[in-house]
Visitor: 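Dropping a structure here in structure tokens format, bear with me for questions.
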2 protein chains.
Amino acid sequence: MGALIGEYECKLDEKGRLMVPSGLKKQLPAKEQKKFVVNRGFEKQLNMYPQKEWEKISSQINELNLFVKQNREFVRKFNNGATEVEVDGSGRILLPKTLMQYAGIDKEAILFAHSNRIEIWSKAEYDKFMKEGADDFAALAEQVMGNIPNKGKADVS
Amino acid sequence: MGALIGEYECKLDEKGRLMVPSGLKKQLPAKEQKKFVVNRGFEKQLNMYPQKEWEKISSQINELNLFVKQNREFVRKFNNGATEVEVDGSGRILLPKTLMQYAGIDKEAILFAHSNRIEIWSKAEYDKFMKEGADDFAALAEQVMGNIPNKGKADVS
DNA sequence: AATTTACCACTTTCTCCCACTTGTTGAAAA
DNA sequence: TTTTCAACAAGTGGGAGAAAGTGGTAAATT
């Protein structure tokens, strides 16, 4: 699977179902358009992974020895609500209510795809997050990327 | 049996019976949907295993040399409270009261499935556990997963 | 006999499936 | 060249059936 990309604004219908934009589906191989795994993200947002991507991650996690306390803690926090979701015949997904509440999603959501995941935000939280520290983006970029040697890297400034 | 996954919020009825969510049952082969073994977890929580999984674990434990004092102690404590439970006709299980008390489960429970088990938490304890040290997750992840060679490992940060 | 457990019946809620509406694209004819 | 219609895809809504939730009674165990 290539890296995902795109930002999509979606409305939930009255039953809380979320349409997966066709533009996003097209980026995924046919076999990976049906099943996803959603869990809580670090910010007030959810992360959704195509099932295969999730399996790559979790197969390693599941090999940890659970008699070790630290491993138990890690496994639990790593999963953090991870739940399988499936798109219905009309290309919609129904997210568990507990996760919707966590992310504060009501009517409007933003799907923000990058690398191997799709982040799901409430529109309000997304705008807030992107607004905060918007001024300092240049400074942040320097902090994060400034020390990486510039081998054939594309200039994105 | 594939790895289990999912977080489910369940209410107990007034008789203390716990509904097994259908989403969880679907993950188990038909033959393993009826009988489970529950015992005390290391945290303030219970672990429930499909019977076959329990047998695997139990056979490992039974290989320990019981002439060793430490082993005897471990085996006793590990089996302490282990109880076979069966799903009733309406898809519910009745957990022994002593175990419910141990886990502090009253009305609301969280079923948290991963690898080969289903952890049963009181909602309050679960929230507390997930909240504690949430900031240090990155450090924990490094400690636990940091030494594993990074072969095609997916990024989950 | 009292308490616990198993079994059965019913209501409400939710989920999945199907059918319909809307929108878009492309081709053909005026 | 423009307009119209057809065909398909995208998006919306509703309804049937399954699952969740509730309660009660009979049976069994102590």
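Below, chain A is the first sequence line, B the second, and so on; all start at residue 1.
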Visitor: Which nucleotide of DNA chain D is the first, and which the last, in the 5' to 3' direction, to come under 4.0 Å of a heavy atom belonging to chain A?
Guide: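 In short, chain A contacts DNA chain D from dA10(D) to dG15(D).
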
Visitor: Can you tell whether the side chains of Lys56(B) and Glu53(B) come within less than 4.0 Å, N to carboxylate O?
Guide: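 Looking at Lys56(B) and Glu53(B), the cut-off is met.
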
Visitor: Tell me the interatomic distance from Glu14(B), atom CD, to dT5(C), atom C1', rounded to whole angstroms.
Guide: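 Taking atom C1' of dT5(C) as the reference, CD of Glu14(B) is at 14 Å.
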
Visitor: DNA chain D: Gly23(B) or Met19(A), which has the more 5' nearest nucleotide?
Guide: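 In this pair, the answer is Met19(A).
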
Visitor: Does anything in residues 86-102 of chain B form a salt bridge (charged side-chain N to carboxylate O under 4.0 Å, His left out)? List the pairs, not counting sequence neighbours.
Guide: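 Listed once each, the pairs are Asp13(B)-Arg92(B), Asp88(B)-Arg92(B).
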
Visitor: Lys34(B) NZ to dC7(C) C1': how many Å, rounded?
Guide: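 Result: 12 Å.
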
Visitor: Tell me, please, which residues at least two apart from Lys44(A) pass side-chain hydrogen bond (donor to acceptor under 3.5 Å, both in side chains).
Guide: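 By the side-chain hydrogen bond (donor to acceptor under 3.5 Å, both in side chains) rule, Lys44(A) matches no residue at all.
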
Visitor: For the aromatic rings, using the six-membered ring if either is Trp, is the centroid distance between Tyr8(A) and Phe112(A) under 6.0 Å?
Guide: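 Between Phe112(A) and Tyr8(A), which both carry aromatic rings, the centre distance is not below 6.0 Å.
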
Visitor: Relative to the 5' end of DNA chain D, which residue comes earlier, Ser22(B) or Pro21(A), by the nucleotide with the nearest heavy atom?
Guide: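 Closer to the 5' end of DNA chain D: Pro21(A).
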
Visitor: Glu73(A) pairs by salt bridge (Lys or Arg N to Asp or Glu O under 4.0 Å) with which of Arg76(A), Lys77(A), Lys69(A)?
Guide: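 Only one option passes, and that is Lys77(A).
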
Visitor: Any chance you could list the contact pattern along nucleotides 15-21 of chain C? Use B for base contacts, S for sugar-phosphate-only contacts and - for none, protein heavy atoms under 4.0 Å, 5' to 3'.
Guide: SBBBB--

Visitor: Is there a path of hydrophobic side-chain contacts, each under 4.5 Å between heavy atoms, that joins Met100(B) and Leu94(B)?
Guide: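 Different clusters: Met100(B) never reaches Leu94(B) through Ile, Leu, Val, Met, Phe, Trp or Tyr contacts under 4.5 Å.
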
Visitor: Report the residues that fulfil side-chain contact (heavy atoms from CB on, under 4.5 Å) with Asn47(B), sequence neighbours left out, ordered by chain and then residue number.
Guide: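 Asn47(B) satisfies side-chain contact (heavy atoms from CB on, under 4.5 Å) with Asn39(B), Gln45(B), Tyr49(B), Arg117(B), Glu119(B) only.
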
Visitor: Could you list the residues that satisfy side-chain contact (heavy atoms from CB on, under 4.5 Å) with Ile61(B), not counting sequence neighbours?
Guide: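 Scan of Ile61(B) (side-chain contact (heavy atoms from CB on, under 4.5 Å), adjacent residues dropped) gives Ile57(B), Leu64(B), Phe74(B), Val75(B), Phe78(B).
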
